[in-house]
Amino acid sequence: MRENRPVTGKWYIIGAALLWGLAGVCVKSVSWGPMSLIASRSLLSLIILCICLKKKKVVFSSGNILGAVMMSLTGILYVIAIKLTTAGTAIVLQYAAPILVFLYEIVFRHRKPTCAEILITFAVFGGIVLSFADSLDASHLLGNILAILSAFTFAAQIIIMNRKDTDSGDSLIISCVLSLIASVPFLFSDPGLTFDLTNIFWVCVLGIFQYGLANVLFGIGIRRTEALESSLLLTIEPVFNPIPVALIYGEKMGVTAVIGSVIVIVSVALYGLLPSIRKRMRHVSV
């Protein structure tokens with residue numbers, strides 16, 4: 001049953017979105033390679049999740065394992081993308097995931113889209129094209145492609161997490177273990193792996209707060225808010241993500257990328273609002 005605590009639930013979701021939004025500044029602030037960051041983040045997050053979730057047993061169902069694999073891939077692709085492109089572009093491109101889920105429902109579940117949904121889908125992909133057009137040099141282009149791939153794995157994660165045999169807490173724990181196993185070998189060949197205070201500080205922020213605590217807050221908040229409210233509140237993340245990076249490192253997105261980002265964020269927010277708009281229109285017509 002969904003807990004009837006809407007006010008506190010909103011604050012949990014807002015807290016999770018803000019903490020997730022620290023990914024850009026954390027990754028940009030550490031000299032370590034992306035896989036070394038994944039290893040440290042996974043280890044610290046695993047400790048936080050085990051302490052907060054207090055799970056005595058982890059169920060290895062097909063849904064939990066598949067969800068964990070997609071979580072791991074999403075995290076790895078996203079962290080590498082941040083290293084290769086701007087933090088703002090990476091999160092906005094990943095934010096296309098809800099539209100990809102919508103397209104999945106059309107193709108595989110034969111859902112009939114409305115005109116508004118079709119227009120929003122075209123708007124999102126138009127925003128993505130603008131984000132790409134702003135950075136066509138080799139390094140940024142690769143980062144953008146990886147960010148898009150992370151949107152696909154994130155969409156798959158969302159679909160799998162809605163299965164009845166999937167538990168988000170179990171998937172998170174399994175995901176951390178898988179990511180740790182996949183990334184540990186890279187620690188031995190990372191030339192940027194130094195343990196100065198700056199690296200240690202940002203690695204701790206990344207693992208403990210940006211990922212571990214953020215997922216705990218999200219898990220609590222999602223049970224106390226409606227799906228529409230939570231999806232709209234989470235738009236805070238792509239808006240907030242580039243701000244710390246710009247303030248600390250002066251990293252700025254180009255004009256076309258900003259325009260594309262605004263189009264994507266607004267379109268996804270409108271997509272989340274569509275059920276509420278339809279409901280109100282039905283009430284008005286009655």
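Numbers here are sequence positions counted from 1. Keep in mind that this is a model prediction, so the values were computed, not measured.
A side-chain donor-acceptor contact under 3.5 Å links S31 to the backbone of G192. For S40 (side chain) and L37 (main-chain N/O), a donor-acceptor pair under 3.5 Å exists by modelled atom type.
Note: the hydrophobic cluster containing V107 also contains I158 (ILVMFWY, side chain heavy atoms under 4.5 Å, direct or indirect links). Residue V92 is not grouped with residue F154 when hydrophobic side chains (ILVMFWY) are merged at heavy-atom distances under 4.5 angstrom, including chains of intermediate members. Under a hydrophobic clustering in which Ile, Leu, Val, Met, Phe, Trp and Tyr are joined whenever their side-chain heavy atoms come within less than 4.5 Å, directly or via other members, L49 and V177 fall into the same cluster. Under the 4.5 Å side-chain heavy-atom criterion for Ile, Leu, Val, Met, Phe, Trp and Tyr, V101 and V69 are members of distinct hydrophobic clusters. L119 and I99 fall into different hydrophobic clusters, defined by Ile, Leu, Val, Met, Phe, Trp and Tyr side-chain heavy atoms under 4.5 Å apart, directly or through other members.
Atom-to-atom distance recorded for S72:OG and L172:CG is 10.0 Å, nearest 0.5 angstrom. Taking OG1 of T121 as the reference point, atom CD1 of I106 lies at 6.0 Å (rounded to 0.5 Å). S168 contributes atom OG, which lies 13.5 Å from atom CD1 of I160 (distance to the nearest 0.5 angstrom). From L213, atom CG reaches atom CG of L44 across 12.5 Å, with rounding to the nearest 0.5 Å. Atom CD1 of residue I265 and atom CD1 of residue I91 lie 9.0 Å apart, to the nearest 0.5 angstrom. Distance check: I76 CD1 to M71 CE gives 13.5 Å after rounding to the nearest 0.5 Å.
Among pairs with a residue in residues 31-61, those fulfilling ring pair (Phe, Tyr, Trp, His ring centres under 6.0 Å) read W32-F195, at least two apart in sequence or across chains. Residue pairs meeting the salt bridge (Lys or Arg N to Asp or Glu O under 4.0 Å) criterion with at least one member in residues 24-43, sequence neighbours excluded: K28-E251. Sorted by first and then second residue, the salt bridge (Lys or Arg N to Asp or Glu O under 4.0 Å) pairs with a member in residues 168-194 read K55-D170; sequence neighbours excluded.
Taking both residues in full, the closest heavy atoms of A68 and L178 are given as CB-CD1, 4.0 Å, listed atom of the first, atom of the second, then distance. Across K112 and E117, no two heavy atoms sit closer than the pair O-OE1, 4.4 Å. Nearest heavy-atom pair across A147 and A90 is CB-O, 3.7 Å. Closest approach of A81 and G143 over heavy atoms only: CB-O, 3.4 Å. Of all non-hydrogen atoms in G169 and D167, the two that sit nearest each other are N-OD2, 3.1 Å. Of all heavy-atom pairs between A182 and P185, the closest is O-CD, 3.8 Å.
Side-chain contact between V216 and I220: present, with at least one pair of heavy atoms (C-beta onward) separated by less than 4.5 Å. In this structure the side chain of T166 never reaches within 4.5 angstrom of the side chain of L66, judged on heavy atoms. Side-chain atoms of P242 and T86, non-hydrogen and from C-beta on, never get closer than 4.5 Å to each other. With contacts defined as side-chain heavy-atom distances shorter than 4.5 Å, the pair L22/F240 qualifies. Looking only at side-chain heavy atoms (C-beta outward), V30 and L206 stay at 4.5 Å or farther from each other. N144 is not listed as a side-chain neighbour of I148, based on a closest heavy-atom distance of 4.5 Å or more. Proximity of F102 to P113: side-chain heavy atoms (C-beta onward) are separated by under 4.5 Å at one or more points. At least one side-chain heavy atom of L46 sits less than 4.5 Å from a side-chain heavy atom of I173.
For E237, there are no salt bridge (Lys or Arg N to Asp or Glu O under 4.0 Å) partners, not counting sequence neighbours. Listed by chain and number, the residues in a side chain to side chain donor-acceptor pair (under 3.5 Å) with Y78 are N241 (sequence neighbours excluded). For D165, the side chain to side chain donor-acceptor pair (under 3.5 Å) partners are S62, R163, not counting sequence neighbours. Applying the side chain to side chain contact (heavy atoms under 4.5 Å, CB included) criterion to I259, with sequence neighbours excluded, gives L130, V255, I263. Among residues two or more places apart in sequence or in another chain, the ring-ring contact (aromatic ring centres under 6.0 Å, His included) test is passed with W20 by F218. The ring-ring contact (aromatic ring centres under 6.0 Å, His included) search around F188 returns none, not counting sequence neighbours. Partners of F125 under the ring-ring contact (aromatic ring centres under 6.0 Å, His included) rule, at least two apart in sequence or in another chain, do not exist in this structure. Applying the salt bridge (Lys or Arg N to Asp or Glu O under 4.0 Å) criterion to K83, with sequence neighbours excluded, gives no partner residue. Scanning for side chain to side chain donor-acceptor pair (under 3.5 Å) contacts around S183 gives an empty result, with sequence neighbours left out.
By the 6.0 Å contact criterion, CG on L197 is open, its count of non-hydrogen atoms from other residues, nucleotides or ligands being 12 or less. Other residues, nucleotides and ligands place no more than 12 heavy atoms under 6.0 Å from the CZ atom of F186. Annotation: Y249, atom OH; neighbour count of heavy atoms from other residues, nucleotides and ligands within 6.0 Å is above 12.
Looking only at atom types and distance, the side chain of S150 has no donor-acceptor partner in the side chain of T74 under 3.5 Å away. Between the side chains of T194 and N199, at least one donor N or O lies within less than 3.5 Å of an accepting N or O.
Results of the side-chain contact (heavy atoms from CB on, under 4.5 Å) test with I48 over C50, S45, C52 single out C52 as the only residue that passes. Applying the side-chain contact (heavy atoms from CB on, under 4.5 Å) test between I38 and each of V184, L180, V79 identifies V79 as the sole match.
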Q: Given side-chain contact (heavy atoms from CB on, under 4.5 Å), test F201 with S29 step by step and report yes or no.
A: CA-CA 9 Å; F201 172 76; S29 299; over 6 Å; no
